[in-house]
Amino acid sequence: MTITTTTHLNFRGDARAALELYRSVFGGEIVLVTYQDAHSAQDPAEAEQIMWGQVRSDDGFHVMAYDVPGRLPYEPGVNAVFVSVRGTDADEITACWTGLSAGATVVQELAPAGWSPLYGMLRDRFGVVWVLDVVAEHTAS
């Protein structure tokens with residue numbers, strides 16, 4: 001049996017735009033199912049919102065998202081979830097940072113850190129906190 005974990009993000013009407021941004025940054029295929037597509041729209045104003053969505057790339061990036069319907073409570077919290085993107089190539093991580101940073105609030109500039117050759121944290125324009133870093137090479141002592 002194989003088990004994987006996937007970050008699942010909850011939005012209130014921004015899931016489509018968020019997934020489109022993440023696809024533009026990380027590549028891959030986007031799949032979107034609206035409440036209307038699933039014949040589950042209880043509020044006509046929410047029919048085109050996302051009931052189930054994901055971006056999955058061949059290099060391992062995978063994130064899911066949906067729009068919480070108005071009839072359900074939605075409190076995104078302040079720091080309830082961080083999405084961590086780790087890689088071995090500084091240029092690739094820098095490109096991801098650049099793509100996510102439009103309209104974002106930088107928490108920690110992308111720069112060398114004591115535990116990583118490159119580390120940064122930002123809150124994107126949808127309120128999702130992303131932590132990006134280059135995996136440090138550790139040698140056995």
Problem - Phe26 and Phe61 aromatic ring geometry - parallel, tilted or perpendicular at 30°/60° bounds - result: parallel
Problem - Side-chain heavy atoms of Leu19 within contact of Phe11, under 4.5 Å - result: no
Problem - Within 6.0 Å of CG in Asp58, more than 12 heavy atoms from elsewhere - result: no
Problem - Approximate separation, where rounding is to 0.5 Å, of Cys96 SG and Asp91 CG - result: 11.0 Å
Exercise for the section: Please confirm whether the backbone N or O of Val128 pairs with a side-chain atom of Asp124, one donor and one acceptor, at under 3.5 Å? Expected result: yes
Exercise for the section: Let me know which of His62, Glu29, Arg23 forms a side chain to side chain donor-acceptor pair (under 3.5 Å) with Gln54. Expected result: His62
Practice task
Would you check if the side chain of Tyr74 reaches a backbone N or O of Asn10 as a donor-acceptor pair within less than 3.5 Å?
Solution key: yes
Exercise for the section: Measure from the side-chain N and O atoms of Arg16 to the backbone N and O of Glu48, and report whether any donor-acceptor pair falls under 3.5 Å. Expected result: yes
Handout entry: Check: Asp67 main-chain N/O paired with Tyr35 side-chain donor or acceptor under 3.5 Å
Key = yes
Practice task
Measure the spacing between CZ of Arg125 and OG of Ser101 and express it to the nearest 0.5 Å.
Solution key: 10.5 Å
Handout entry: Minimum side-chain heavy-atom gap Asp43-Arg71 below 4.5 Å
Key = no
Problem - Test log, rule side-chain contact (heavy atoms from CB on, under 4.5 Å), inputs Leu132 and Leu100 - result: CA-CA 10 Å; Leu132 290 87; Leu100 290 170; 4.1 Å; yes
Handout entry: Exam field: side chain Arg12 to backbone Pro69, donor-acceptor pair closer than 3.5 Å
Key = yes
Practice task
With rounding to the nearest 0.5 Å, note down the distance linking OH in Tyr119 to CD1 in Ile93.
Solution key: 12.5 Å
Exercise for the section: State which residues pass side chain to side chain contact (heavy atoms under 4.5 Å, CB included) with Pro117; sequence neighbours excluded, sorted by chain then number. Expected result: Val134, Ala136
Handout entry: Other ILVMFWY residues reachable from Val33 by side-chain steps of under 4.5 Å
Key = Val31, Trp52, Met64
Problem - Partners meeting side chain to side chain contact (heavy atoms under 4.5 Å, CB included) with Val135 (sequence neighbours left out) - result: Arg86
Exercise for the section: Go through the side-chain N and O atoms of Asp37 and Thr34 and say whether any donor and acceptor fall under 3.5 Å apart. Expected result: yes
Fill in the blank from the handout: Rounding to 0.5 Å, atoms CD (Gln108) and CG (Asp133) come to a distance of 12.0 Å
Fill in the blank from the handout: Here the pair of heavy atoms bringing Gln36 nearest to Ala41 is N-CB, 4.3 Å
Problem - Separation of Thr94 OG1 from Leu110 CG (nearest 0.5 Å) - result: 5.0 Å
Handout entry: Cluster check Ile50, Val63: I/L/V/M/F/W/Y, side chain < 4.5 angstrom
Key = yes
Exercise for the section: Please report the closest heavy-atom contact between Ala65 and Ala15, naming both atoms and the distance. Expected result: CB-CB, 4.3 Å
Problem - Interatomic spacing from CZ in Phe126 to CG in Leu9 - rounded to 0.5 Å - result: 11.0 Å
Exercise for the section: Applying side-chain contact (heavy atoms from CB on, under 4.5 Å), run through Tyr66 and His8 and close with a yes or a no. Expected result: CA-CA 8 Å; Tyr66 96 116; His8 190 286; 3.6 Å; yes
